Amino acid sequence: ALEINPNYITAIVDLIAMYEERDSKEQLIKDLEALTQLSPLKVIKDKIVLNCVEIASKNTNHEKAFKYYSKALEYLDIIGSENPELSNLKIQKAVIQNEMGNTPEAIKTLEDAVIEFPENERLLYYLATMYDKNNKKDEALKIMEKILQLNPDNPDALNYIGYSYVDKKINLGKAKELISRALMILPDDIYVMDSMGWAYFSTGDYKNAIIQLERALKLANDKQIFEPEIIEHLMSAYKQAGMNDKIKQTYSDLLNSGIYKDKKNELKTLFEKFNEIPERKPASIDINKK
């Protein structure tokens with residue numbers, strides 16, 4: 001069918017499905033590469049990239065992982081040359097470069113991309129997070145501020161800028177306003193809740209800090225997400241509020257929940273900062289939650 005019509009998408013989709021049933025991942029990539037000789041359709045190259053990344057990310061053999069990441073980059077470049085309007089390819093490329101340990105090249109890929117697509121919020125956000133992870137926090141903040149100019153309701157930018165202000169201990173009133181707006185947009189986001197709690201903490205409002213941080217920790221536990229920073233923020237609020245028994249109870253509850261079986265040492269190290277390894281049951285403390 002493809003020899004008759006190389007753009008026959010139904011044949012491509014069905015054929016790829018058959019390959020996936022029959023082939024190992026490595027053989028699948030070989031068959032997909034052969035298929036590119038029959039059809040120019042992007043979906044084939046997308047599948048090659050996807051499977052190369054999957055093999056590389058799960059492979060402990062550095063040389064083999066590098067080989068498949070490199071092949072993924074090769075096909076991303078081909079797709080990009082054929083579809084220059086697709087900005088998301090730049091993000092994929094940067095993520096792979098970063099995974100390969102080539103962070104400067106990943107940052108350059110994103111910097112070049114935002115020159116080409118200066119109003120693309122997603123690209124700007126990825127560049128900002130890359131800056132943040134590489135201790136370029138001032139650059140990250142500028143990018144987030146630009147995102148907010150493009151879209152005043154971008155919750156990630158609102159939260160990042162607000163938390164940055166809290167971290168720098170500046171504009172704390174503005175910080176709470178920005179994080180509150182983010183929380184209205186993402187009311188169940190544990191990271192925004194944490195930011196809100198930490199903003200309250202930074203202004204000495206420990207009661208509201210505890211309310212927000214307890215919500216964030218409960219939701220993280222429900223989703224089985226281990227976020228040490230949320231735990232540490234909540235313990236700091238308990239400590240400042242004189243609620244040391246709550247620190248002990250939280251430590252005991254987390255250990256006994258079964259969620260963090262493989263995180264016991266990390267939990268112990270974290271709670272030792274507060275010198276509150278539990279020895280007894282806590283007193284009942286009412287912080288008048290609404």
Side-chain angles (χ1 to χ4, degrees), residues 57-58 60 129 132-133 135 137 155-156 158-169 172-173 175-290:
S57 63
K58 294 179 179 178
T60 55
T129 56
D132 181 79
K133 289 174 185 175
N135 295 316
K137 295 188 181 294
D156 295 314
L158 287 166
N159 184 52
Y160 186 93
I161 296 168
Y163 190 88
S164 295
Y165 287 165
V166 172
D167 196 44
K168 291 172 179 285
K169 296 180 172 57
L172 294 179
K176 282 204 274 191
E177 177 197 328
L178 293 171
I179 299 167
S180 292
R181 284 166 57 193
L183 199 55
M184 288 178 66
I185 299 166
L186 297 175
D188 296 320
D189 188 287
I190 61 172
Y191 304 105
V192 182
M193 288 178 198
D194 175 66
S195 296
M196 193 74 254
W198 201 235
Y200 281 127
F201 178 91
S202 298
T203 55
D205 186 350
Y206 303 125
K207 174 183 170 182
N208 280 312
I210 289 167
I211 290 171
Q212 288 295 335
L213 292 166
E214 282 186 339
R215 284 183 64 218
L217 182 57
K218 182 181 183 307
L219 195 55
N221 291 344
D222 290 345
K223 295 181 176 182
Q224 299 193 13
I225 300 171
F226 180 59
E227 279 297 339
E229 193 169 72
I230 293 174
I231 298 171
E232 189 166 348
H233 284 170
L234 178 57
M235 297 311 104
S236 297
Y238 283 154
K239 189 83 173 175
Q240 288 298 321
M243 298 167 66
N244 291 334
D245 284 343
K246 290 289 282 183
I247 298 175
K248 297 177 182 181
Q249 183 65 62
T250 303
Y251 178 75
S252 179
D253 289 346
L254 291 175
L255 281 182
N256 295 330
S257 69
I259 298 171
Y260 305 121
K261 290 178 185 175
D262 58 340
K263 302 290 184 183
K264 289 185 178 180
N265 289 336
E266 291 177 59
L267 282 171
K268 184 179 180 187
T269 300
L270 193 157
F271 276 84
E272 280 175 345
K273 294 179 184 179
F274 301 94
N275 299 314
E276 294 295 344
I277 301 302
E279 298 172 354
R280 59 187 174 81
K281 291 287 182 183
S284 176
I285 298 173
D286 181 10
I287 59 168
N288 301 315
K289 283 189 181 181
K290 294 181 181 179

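Owing to the predicted nature of the structure, the values given are computational and were not obtained by experimental measurement. FYI, side chains are in, hydrogens and waters are out, and symmetry mates aren't considered; it's all heavy atoms of this structure.
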Where L217 and T250 come nearest, the two heavy atoms and their spacing: CD2-CG2, 4.0 Å

K273 NZ to M235 CE distance, which is reported to the nearest 0.5 Å: 12.0 Å

Approximate separation, where rounding is to 0.5 Å, of L172 CG and Y200 OH: 13.0 Å

Nearest-0.5 Å distance that lies between atom NZ in K218 and atom CE in M193: 10.0 Å

Flag if over 12 foreign heavy atoms under 6.0 Å of CG, N265: no

Pair Y238, E214: side-chain N/O donor-acceptor within cut-off below 3.5 Å: yes

Least distance between heavy atoms, W198 atom then L213 atom: N-CD2, 4.4 Å

Between CG on residue D194 and CD on residue E227, distance to nearest 0.5 Å: 8.0 Å

Distance (rounded to the nearest 0.5 Å) between M243 CE and Q249 CD: 11.5 Å

Which donor-acceptor pairs under 3.5 Å do the side chains of residues 159-167 make with protein atoms, sequence neighbours left out?
| unit_1 | atom_1 | unit_2 | atom_2 | d |
| --- | --- | --- | --- | --- |
| N159 | OD1 | S195 | OG | 2.7 |
| Y160 | OH | D132 | OD1 | 2.6 |
| S164 | OG | Y160 | O | 2.8 |

Minimum-distance pair of heavy atoms, taken over all atoms of I230 and A216: CG2-CB, 4.0 Å

is_close_aromatic(Y206, F201), centroid dist under 6.0 Å: yes

Kindly list each side-chain donor-acceptor pair under 3.5 angstrom involving residues 178-188, sequence neighbours excluded, with atom names and distances?
| unit_1 | atom_1 | unit_2 | atom_2 | d |
| --- | --- | --- | --- | --- |
| S180 | OG | K176 | O | 2.8 |
| R181 | NH2 | P152 | O | 2.6 |

Smallest separation among heavy atoms of I210 and A241, with atom names: CD1-CB, 3.9 Å

Rounded distance [0.5 Å steps], CD1 in I247 versus CD1 in I231: 12.5 Å

Worked verdict on D245 versus K248 for side chain to side chain contact (heavy atoms under 4.5 Å, CB included): CA-CA 5 Å; D245 284 343; K248 297 177 182 181; 4.1 Å; yes

